[in-house]
Asks: 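Got a structure for you, questions after.
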Amino acid sequence: QQQARFPQLPAPPPMRFVSRAEREQLNAARDPKARIRTSIDLAADHLTHAEYYTSEKKFAQASEELGGYLGLIDDAVGFIGDLVRDKSSTRDHYRHLDIALRAQIPRIAVMRRSTPAEYAANLKAVEEHARDTRAAVLEAFYGHTVLRGDPEYQKKTDKTKNLPEENKH
């Protein structure tokens, strides 16, 4: 009467890719700003389709859309990385990508909550990749402008933290 239960195997991870049609759209962009905007828009479209497929319980198709999403995000990061680093326009491209990723990460988390366990692990990996990419983008954005902590300044500020209120002036 009792059947042996086999553990549920996780779904394969989404394959990261940029389709030929999307590659043509990206290559047709007239300047870096237009290309980054196109990348962000196409990635958002993939995420929207993935949300739709998740709500329809078509998790394999949602996983395929997430692969397209990851491919476009990785392509955008690679493209910006190839630009001249010290230009302010390159910093703007990083900023635009950061803003897009910041809005997309919660959408991925919402999808993960309504996904079965065998697909949820992939969504968690996509969410972590988006977070890691956003962290790398922020690091590249602030790379040349943020001053690292000066040890002497750090000592001075640490000393003033322990003084009574009347002596801090």
Asks: Would V137 and R134 count as a side chain to side chain contact (heavy atoms under 4.5 Å, CB included) if you check the C-alpha gap in whole Å, the side-chain angles of each, and the deciding distance to 0.1 Å?
Replies: CA-CA 5 Å; V137 164; R134 182 170 180 242; 5.5 Å; no
Asks: So how far is it from H93 NE2 to D98 CG, rounded to the nearest 0.5 Å?
Replies: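 Here the interatomic distance stands at 14.5 Å.
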Asks: Taking T48 for its side chain and A44 for its backbone only, find out whether a donor-acceptor pair lies under 3.5 Å.
Replies: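 Checked: pair present.
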Asks: Run the salt-bridge test on K33 and D92 with the 4.0 Å N-O cut-off and return the result as yes or no.
Replies: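 Not counted as a salt bridge, because no side-chain N and carboxylate O are separated by less than 4.0 Å.
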Asks: Rounded to the nearest 0.5 Å, how far does CZ of R91 lie from CZ of R95?
Replies: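 Reported to 0.5 Å precision, the distance equals 9.5 Å.
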Asks: Would you say E22's side chain and S19's backbone share a donor-acceptor pair under 3.5 angstrom?
Replies: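 Present.
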Asks: Can a salt bridge be assigned to the pair R35 and D31 using a cut-off of 4.0 Å between side-chain N and carboxylate O?
Replies: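 Salt bridge: no.
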Asks: Nearest 0.5 angstrom please: F17 CZ to L72 CG, how far?
Replies: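 Going from CZ on F17 over to CG on L72, the span is 8.5 Å.
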Asks: What do the steps show when you test H129 against R16 for side chain to side chain contact (heavy atoms under 4.5 Å, CB included), and what is the final call?
Replies: CA-CA 12 Å; H129 180 73; R16 298 175 190 194; 3.3 Å; yes
Asks: Testing the basics here: between A43 and I73, what is the closest heavy-atom pair and its distance to 0.1 Å?
Replies: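 Answer, listing the atom of A43 first, then I73: CB-CD1, 3.9 Å.
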Asks: Can L70 be reached from I36 by stepping across I, L, V, M, F, W or Y side chains whose heavy atoms are under 4.5 Å apart?
Replies: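 In one cluster with I36: L70, yes.
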Asks: Looking only at heavy atoms, which two atoms of L101 and A130 are closest? And how far apart?
Replies: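 The pair with the smallest heavy-atom distance is CD1-O, 4.2 Å.
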Asks: Which atoms form the tightest heavy-atom contact between S39 and A76, and what is the distance?
Replies: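 Shortest heavy-atom separation between S39 and A76 comes out as CB-CB, 3.9 Å.
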Asks: For a side chain to side chain contact (heavy atoms under 4.5 Å, CB included) check, start with the C-alpha distance between I108 and R112, then their side-chain angles and the critical distance, and finish with the verdict.
Replies: CA-CA 6 Å; I108 298 167; R112 184 173 48 88; 5.6 Å; no
Asks: Consider only side-chain heavy atoms of I, L, V, M, F, W and Y, link residues closer than 4.5 Å, and tell whether L138 and Y94 are in one cluster.
Replies: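 Yes, because L138 and Y94 connect within a single hydrophobic cluster, where side-chain heavy atoms sit under 4.5 Å apart.
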Asks: Would you call R131 and E127 a salt bridge, taking side-chain N to carboxylate O under 4.0 Å as the test?
Replies: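 Yes, R131 and E127 are salt-bridged.
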Asks: Please give me the minimum heavy-atom distance between A29 and A34, naming the atom from each residue.
Replies: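 Of all heavy-atom pairs spanning A29 and A34, the closest is CB-C, 3.9 Å.
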Asks: Please report the shortest heavy-atom distance between T115 and A120, naming the atom on each side.
Replies: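 The pair with the smallest heavy-atom distance is CG2-N, 3.7 Å.
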Asks: Judged by modelled atom types alone, do Y69 and Q104 share a side-chain donor-acceptor pair under 3.5 Å?
Replies: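 A donor-acceptor contact under 3.5 Å links the two side chains.
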Asks: How long is the straight-line distance from CG of L47 back to CD of E65, given to the nearest 0.5 Å?
Replies: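 One finds 9.5 Å between CD of E65 and CG of L47.
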Asks: Run the numbers on H46 and L66 for side chain to side chain contact (heavy atoms under 4.5 Å, CB included), then give the verdict.
Replies: CA-CA 7 Å; H46 278 290; L66 288 171; over 6 Å; no
Asks: Quick one: pull up CD1 in I40 and CD1 in I99 and give me the separation to the nearest 0.5 Å.
Replies: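 These two atoms lie 8.5 Å from each other.
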Asks: Are side-chain N/O atoms of E51 and T54 paired as donor and acceptor at under 3.5 Å?
Replies: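 Distance-only check fails for E51 and T54.
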Asks: Would you give the length of the straight line joining atom OG1 of T133 to atom CG of L97, rounded to the nearest 0.5 angstrom?
Replies: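 Rounded to the nearest 0.5 Å, the OG1-CG separation comes out at 8.0 Å.
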Asks: Main chain of D45, side chain of H49: is a donor-acceptor contact present, judged purely on distance under 3.5 Å?
Replies: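 Looks like yes, one N/O pair under 3.5 Å.
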Asks: Can you give me the closest heavy-atom contact between P32 and L83, atom names plus distance?
Replies: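 Residues P32 and L83, closest heavy atoms: CB-CD1, 4.1 Å.
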